[in-house]
Amino acid sequence: MKIKITLTLGMLLAGPLFSFSTLAAEPSKPAASNPHDPMMAELMDEKGAAFEASFLAMMVEHHQRAVVMGKLADSRAENPELKKMAGSMVSSQGAEIIQMKEWLKKWHASSPQMYKAKGDAEKMMAESMSKLEAAKGSEFDRLFAMEMAAHHQSAIDMAGMALNRAEHPEVKELAGKIIKTQTEERKMLMKWAGQ
């Protein structure tokens with residue numbers, strides 16, 4: 001099975017689309033109404049095996065971006081709690097990436113590839129990463145917290161869809177774990193971002 005996915009900055013650093021409380025009932029309107037998260041829009045029309053394969057491939061890429069961001073915190077963050085959270089994210093999401101790749105291969109005869117945003121989105125993403133790479137101390141902490149909080153919200157929204165649409169109970173269980181873990185982390189990130 002081939003999976004066509006195009007990532008944009010919005011997919012990787014998307015802002016909130018729905019509050020966590022709305023995830024119990026899957027969003028009824030296409031995410032296309034929010035131009036900042038095309039990932040949700042792509043998933044909106046998919047069901048069954050096609051949805052699950054796309055969700056896993058997208059979440060692998062989404063996690064990989066978080067791991068890259070999280071590793072920056074080791075040498076740049078000032079807040080020891082933020083640094084500890086980033087290290088935990090790198091470890092836990094790295095393990096989830098391995099698991100999701102195995103499921104893609106086993107259940108969907110597919111493997112995720114590195115997808116890159118194109119055009120303006122690619123430029124914006126590169127600029128965002130450059131800012132993080134250049135920042136240190138409290139300024140890094142603030143930027144990291146803001147961007148990772150938005151990134152987490154995108155993952156929470158996608159995982160909410162997987163609770164209803166994924167075929168395998170293992171994927172639904174992972175989606176529930178993502179929602180729980182990243183909702184808790186997001187609360188702290190928003191606090192550190194001053195929001």
Side-chain angles (χ1 to χ4, degrees), residues 1 3 5-14 16-18 20 23 26 31 37-40 42-43 46 48-74 77 81-117 125 129 132 144-145 147-190:
M1 172 188 293
I3 303 169
I5 302 171
T6 304
L7 292 184
T8 68
L9 177 66
M11 298 175 193
L12 303 172
L13 302 173
L17 291 176
F18 311 100
F20 177 65
L23 290 175
E26 186 176 312
D37 200 352
M39 216 179 232
M40 285 288 291
E42 284 193 43
L43 287 174
E46 295 191 356
F51 169 86
E52 186 173 276
S54 293
F55 168 78
L56 289 170
M58 289 179 184
M59 195 58 77
V60 165
E61 170 59 27
H62 203 268
H63 274 21
Q64 287 172 334
R65 180 59 55 186
V67 167
V68 170
M69 291 170 66
K71 286 181 177 178
L72 290 176
D74 188 51
E81 290 180 272
L82 185 146
K83 190 178 285 194
K84 182 179 178 182
M85 178 190 286
S88 177
M89 284 189 294
V90 168
S91 176
S92 63
Q93 292 195 30
E96 289 173 1
I97 287 168
I98 293 169
Q99 182 64 77
M100 289 187 287
K101 285 181 176 181
E102 289 176 2
W103 289 339
L104 270 171
K105 183 178 180 181
K106 178 180 178 181
W107 297 329
H108 303 286
S110 182
S111 62
Q113 299 175 6
M114 289 300 293
Y115 296 93
K116 292 188 177 180
M125 188 169 62
M129 287 301 296
L132 274 176
F144 177 89
E147 296 200 11
M148 190 59 78
H151 191 80
H152 272 22
Q153 185 63 53
S154 180
I156 290 164
D157 292 337
M158 288 192 296
M161 294 179 71
L163 288 177
N164 297 323
R165 298 192 186 193
E167 290 195 322
H168 291 85
E170 295 93 333
V171 177
K172 292 182 179 184
E173 184 179 350
L174 175 62
K177 178 183 174 186
I178 288 171
I179 291 170
K180 182 179 184 297
T181 301
Q182 296 201 20
T183 297
E184 291 171 357
E185 290 176 346
R186 191 173 186 278
K187 287 177 185 176
M188 289 302 300
L189 289 164
M190 294 293 283

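By the salt bridge (Lys or Arg N to Asp or Glu O under 4.0 Å) test, E96 is found to be paired with K177, residues two or more places apart in sequence or in another chain being considered. With sequence neighbours excluded, the residues satisfying side-chain contact (heavy atoms from CB on, under 4.5 Å) with M190 are A149, R186, Q195.
No side-chain heavy atom of Q99 sits under 4.5 Å from any side-chain heavy atom of L174. Looking at L43 and R165, their side chains never come closer than 4.5 Å, going by heavy atoms from C-beta outward. Between V171 and W103, the closest side-chain pair of non-hydrogen atoms falls below 4.5 Å. Between Q182 and Q93 the shortest side-chain heavy-atom distance falls below 4.5 Å. Proximity of M158 to I178: side-chain heavy atoms (C-beta onward) are nowhere separated by under 4.5 Å. Contact of the I179 side chain with the L163 side chain is registered, since non-hydrogen atoms from C-beta on lie closer than 4.5 Å.
Between the side chain of S88 and the main chain of K84, no donor-acceptor pair closer than 3.5 Å is present. The main-chain N or O of M85 is never found under 3.5 Å from a side-chain atom of E185 such that the two would form a donor-acceptor pair. The backbone N or O of S110 sits nowhere less than 3.5 Å from a side-chain atom of K105 that would complete a donor-acceptor pair.
Taking each heavy atom of A175 and A162 in turn, the nearest pair found is CB-CB, 3.8 Å. Residues A145 and L82 come closest through the heavy atom pair CB-CD1, 4.4 Å. Considering every non-hydrogen atom in both S54 and E46, the closest pair reads OG-OE1, 2.7 Å. For the pair M89 and F144, the tightest heavy-atom approach, listed with the atom from each and the gap, is CE-CZ, 3.8 Å. A pairwise comparison of heavy atoms in V90 and G70 identifies CG2-C, 3.7 Å as the closest pair. Residues A166 and K172 share a closest heavy-atom pair of O-CE, 2.9 Å.
For E170, the CD atom is densely surrounded, since the number of other residues' heavy atoms within 6.0 Å is greater than 12.
Residue K106 holds its NZ atom at 12.5 Å from CG of L104, rounded to the nearest 0.5 Å. Considering NE2 of H62 and CD1 of I97, their distance stands at 11.5 Å, rounded to 0.5 Å. With rounding to the nearest 0.5 Å, the separation of CD in E61 from CE in M100 is 10.5 Å.
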- Item | Verdict with supporting geometry, E147 and R65, side chain to side chain contact (heavy atoms under 4.5 Å, CB included) | CA-CA 11 Å; E147 296 200 11; R65 180 59 55 186; over 6 Å; no
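Remark: aromatic rings of H168 and W107 are close, center separation under 6.0 Å.
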